[in-house]
Protein chains: 2
Amino acid sequence: MHTIGTLARRTGTKVQTIRYYEQIGLMPEPGRTEGGQRRYGDVDLDRLAFIRHSRQLGFPLEAIRELLDLSDHPARDCGAADSIARRQLREVETRIARLQALRSELERMIGECRGGTASECRVLEVLRDHSECLADDHDAIG
Amino acid sequence: MHTIGTLARRTGTKVQTIRYYEQIGLMPEPGRTEGGQRRYGDVDLDRLAFIRHSRQLGFPLEAIRELLDLSDHPARDCGAADSIARRQLREVETRIARLQALRSELERMIGECRGGTASECRVLEVLRDHSECLADDHDAIG
DNA sequence: CTTGAACCTATAGTTGCTGTAGCTCTTATC
DNA sequence: GATAAGAGCTACAGCAACTATAGGTTCAAG
């Protein structure tokens, strides 16, 4: 039997985060001591490790919920898991592309800055210059 | 004089977002009509465009606050703006690197999956397999 | 049996918005 | 001058995924 602190240490999770996962139904309600403290088994440890590993791969909690559900039903078809992973891959690829575009623009901006006062600053100028972005709504924010 | 809706349309911002920027002090409190509606000048339009452009480059609002402050004081040294932009560039580079690592792992995971039932699924197996990640705390989440 | 670390609940805060409810104001048209 | 649509107003709740705090209780070692 493990305390919540042990689970936290073993998985690199904050104690509050584990309680949060319980609250939103990702982790089961564990048994309790007479005094009301949570006690976990190895199954719970594995489940939390699964969640954390999935989070490290960037899966949103809702996707992890589906993955856990599949993992809990070994007879089901694996296709769903595959498609969740593919969706996540596409998501990651999109984000990479966007960030690479940002990187280019930031590099250009910084590369053009020759110092001096704020009024001469190329960085500020680029940000002020709305010739290319005012009223065109490519939503690149994030 | 512009209404809030005009500013919104011209900068691709939601009306509520503009009010939110006012609330957190990024946008000034504008003049009002007798009936209490906001009316903006061109200066405000430029400021909002600056904010949106900065957001599109991924700058957090706190950084934008500093950039706006510099922009408001043309005599100040440009170094601060430069260092904010460099910090943002580093941030973007870090995120790209992390996402590229995620992409590799996702690709590998998906590439190894040969279908079948959930119990045979390579995707779920990789997520379950904590041999490499349990109790090592590289915080790659986000 | 005492002490101190670890646990408990509940609630608020984080970032950057977005959405809703239930009003009021402005402006164009008649 | 009346009316009606559309835009504006405030205030608050919600999103993701935690994180932090306050103020109290329990556990386990010595």
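All chains are named by letter (A, B, ...) in the order of the sequence lines, taking the proteins before the strands, and each is independently numbered beginning at 1. Owing to the predicted nature of the structure, the values given are computational and were not obtained by experimental measurement.
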Side-chain donor/acceptor contact of A:Gln37 with base of C:dA6 under 3.5 Å =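 When only heavy-atom distances are counted, A:Gln37 does not reach the base of C:dA6 through any donor-acceptor pair under 3.5 Å.
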N/O (side chain, [X]) to phosphate O (OP1/OP2, [N]) under 4.0 Å:
X: B:Arg38; N: C:dT26; answer: no
X: B:Thr17; N: C:dT18; answer: yes
X: A:Tyr21; N: D:dC18; answer: yes
X: A:Thr33; N: D:dC27; answer: yes
X: A:Thr3; N: C:dC7; answer: yes

Any idea which heavy atoms bring A:Arg38 and A:Ile4 closest together, and the distance?
->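 Looks like CD-CD1, 4.0 Å.
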Could you work out which one of [options] sits closest to the side chain of [X]?
X: A:Gln16; options: C:dT18, D:dT19, D:dC18; answer: D:dT19
X: B:Arg52; options: D:dA17, C:dG16, C:dC17; answer: C:dC17
X: B:Lys14; options: D:dA17, C:dG19, C:dG16; answer: C:dG19

Quick one: label A:Ile4 by what it contacts on the DNA or RNA (base, sugar-phosphate, nothing), any heavy atom closer than 4.0 Å.
->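 The residue A:Ile4 makes sugar-phosphate contact but no base contact.
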With a 4.0 Å cut-off on heavy atoms, is A:Arg19 in touch with a base, just the backbone sugar-phosphate, or nothing at all?
->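 Base, at least one base atom sits under 4.0 Å.
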Separation of atom [atom1] in [X] from atom [atom2] in [N], rounded to whole Å:
X: B:Arg95; N: C:dT15; atom1: CZ; atom2: C1'; value: 12 Å
X: A:Ile64; N: D:dA16; atom1: CD1; atom2: C1'; value: 12 Å
X: B:Arg9; N: D:dA7; atom1: CZ; atom2: P; value: 8 Å
X: B:Arg39; N: D:dC9; atom1: CZ; atom2: P; value: 8 Å
X: A:Leu7; N: C:dA6; atom1: CG; atom2: C1'; value: 14 Å
X: B:Gln23; N: D:dA11; atom1: CD; atom2: C1'; value: 10 Å
X: B:Ile24; N: C:dT18; atom1: CD1; atom2: P; value: 12 Å
X: A:His2; N: C:dC7; atom1: NE2; atom2: P; value: 13 Å

Looking at CG of B:Leu127 and CZ of B:Arg122, how far apart are the two atoms once the value is rounded to the nearest 0.5 Å?
->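 CZ of B:Arg122 is found 10.0 Å from CG of B:Leu127.
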Please figure out whether B:Glu62 or A:Arg32 has its closest DNA chain C nucleotide nearer the 5' end.
->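 Result of the comparison: A:Arg32.
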With a 4.5 Å heavy-atom cut-off, do B:Leu61 and B:Tyr20 have their side chains touching?
->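 Yes, close enough: below the 4.5 Å cut-off.
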Would you confirm whether B:Glu66, through its side chain, and B:Ile84, through its main-chain N or O, come within 3.5 Å as a donor-acceptor pair?
->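 Checked: no pair found.
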Is it true that a side-chain atom of B:Glu105 and a backbone atom of B:Leu102 form a donor plus acceptor pair closer than 3.5 Å?
->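 Flag not set: sc B:Glu105 to bb B:Leu102 has no pair under 3.5 Å.
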Mapping A:Gly35 and B:Gly36 to their closest nucleotides on DNA chain D, which lands nearer the 5' end?
->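 The residue whose closest nucleotide sits nearer the 5' end is B:Gly36.
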Between B:Arg95 and B:Glu91, does a salt bridge (charged side-chain N to carboxylate O under 4.0 Å, His left out) hold up when you go through it step by step?
-> CA-CA 6 Å; B:Arg95 280 200 260 165; B:Glu91 179 63 35; 3.7 Å; yes
